[in-house]
Asker: 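The structure under discussion is supplied below as structure tokens; questions concerning it will follow.
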Amino acid sequence: MMFVTPRPELIFESGEGAWLFDHTGKRYLDFVQGWAVNCLGHCPPEIRQALARQSEWLLNPSPAFYNGPALKLAELLTRHSCFDRVFFANTGAEANEGAIKLARKWGRQHKGGAYEIVTFRDGFHGRTLATMSASGKPGWDTLFAPQVPGFPKARLNDLDSVRAAINERTVAVMLEPVQGEAGVVPAEIEFLRELRALTEERGLLLIADEVQTGVGRTGKLFAYQHAGIEPDIMTLGKGIGGGVPLSALLARETVCCFEAGDQGGTYNGNPLMTAVGLAVVQKIVSPGFLENVAATGAYLSQRLRDLAERRGWPGERGLGLLRALILPDERGPALVKAGLELAPTGLLINSPRPNLLRFMPALNVSREEIDLMLELLEGIIGQE
Ligand SMILES: *Cc1c(COP(=O)(O)O)cnc(C)c1O
């Protein structure tokens, strides 16, 4: 395998719920879950059944034909959101590429060729050239230069910086309702409302990248619903597949301007993956599920706040089950390593910035598992 990141010298062989097991049989409590991907935990029965059943029927007739699971999933997503149509893809970056293309096409048709999309410092939208350019990760502007042009940057929760970035070439504003990779930084409710009002006033599209925040992660089905606003375009990834490659681009009818040949992809909307997405989303909209995510998120938040208070640390933040513990120094990577090496039970946590830890457990994580995570975490903090 090509080197792209340092990997620990172990091989994961199986998983169940909140647990991963490596080649030596050692178990790890997993609060990363494939980067907020396995929203129902490792190998949940819903996904195993959906894969087994669908694999006996049909894998991929080609995206140029309708298939049952894709239609059903599109119906479910549009029924539970403010959007009218869905385009399925395989990764978050690909869904965001689709959103960028759709906005540019709409700009050509309705705004005299406007194509610029205001995005945010420290934002993350993926690893293709266009989505890297849309991202505001420090250093990414020069990493694979030249960038794709047309993504001026504003600052999150600073409406004046958005106003300053808008000009006659602007067609849209795109943001994560909670900046995930930047360290779980929520957009303020008031900022989202003012941003929606500003974009409406200027005739601009509002694009919500909910690849990390969507599908129940924040305690609502979609994070934009916390602010009571309605974006024009939304992208989903990660959790929508519960662990398999599936993503989606959703838009309101008035924005759906793709013509034949503008957009596509060999695997897009294939029934094997959309059958899994259907099983996942059906579970997440089932009675009581989201209320439980919100309650479990509040519990995790409280436990993290207690830990911070006891140690005199800065605190925690987040929405639902996407949370970060702010550290007093840059010990994040050392804690991640200590968690991995902890025996007999390891702990998987993530440190997107050295001064914080991020927690993104399965949405059905139990309080006992949260308690155990904190016990393990206290152990590695103490042992340093
Ligand atoms: C992970 C992520 C992406 C990229 O998704 P991939 O499936 O890795 O391409 C895009 N946007 C946000 C907000 C993400 O968290």
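In listed order, ligands and their atoms are each counted from 1.
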Asker: Hydrophobic clusters join Ile, Leu, Val, Met, Phe, Trp and Tyr when side-chain heavy atoms are under 4.5 Å apart, directly or via other members; which others share one with V148?
Answerer: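 Its cluster mates, by chain and number, are F87, I100, L102, W106, I117, F124, L129, M132, W140, L143, F144, F151, V171, M174, L205, I207, I233, L249, V255, F258.
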
Asker: I'd like to know if R217 and E210 make a salt bridge, using a cut-off of under 4.0 Å between side-chain N and carboxylate O.
Answerer: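 Result for this pair is no, no salt bridge flagged.
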
Asker: Please determine whether the number of non-hydrogen atoms from other residues, nucleotides or ligands lying under 6.0 Å from atom NZ of K101 exceeds 12.
Answerer: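 For K101, atom NZ is crowded (more than 12 foreign heavy atoms under 6.0 Å).
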
Asker: Salt-bridge test for R196 and E200: reply yes if a basic N is under 4.0 Å from a carboxylate O, no otherwise.
Answerer: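 Salt bridge flag = yes for E200 with R196.
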
Asker: Counting C-beta onward and ignoring hydrogens, is there a side-chain heavy-atom pair between P333 and E330 closer than 4.5 Å?
Answerer: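 Heavy-atom side-chain distance check fails, nothing below 4.5 Å.
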
Asker: Within a reach of under 6.0 Å around CH2 of W313, are more than 12 heavy atoms found that belong to other residues, nucleotides or ligands?
Answerer: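 Counting neighbours around CH2 of W313, more than 12 heavy atoms of other residues, nucleotides or ligands fall under 6.0 Å, so yes.
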
Asker: As a test of reading the model: which N/O atoms of the protein lie under 3.5 Å from N/O atoms of ligand 1, and at what distance?
Answerer:
| unit_1 | atom_1 | unit_2 | atom_2 | d |
| --- | --- | --- | --- | --- |
| ligand 1 | 7 (O) | G92 | N | 2.8 |
| ligand 1 | 9 (O) | G92 | N | 3.4 |
| ligand 1 | 9 (O) | A93 | N | 2.8 |
| ligand 1 | 11 (N) | F124 | O | 3.3 |
| ligand 1 | 11 (N) | D209 | OD1 | 3.4 |
| ligand 1 | 11 (N) | D209 | OD2 | 2.8 |
| ligand 1 | 15 (O) | Q212 | NE2 | 2.8 |
| ligand 1 | 15 (O) | K238 | NZ | 2.6 |

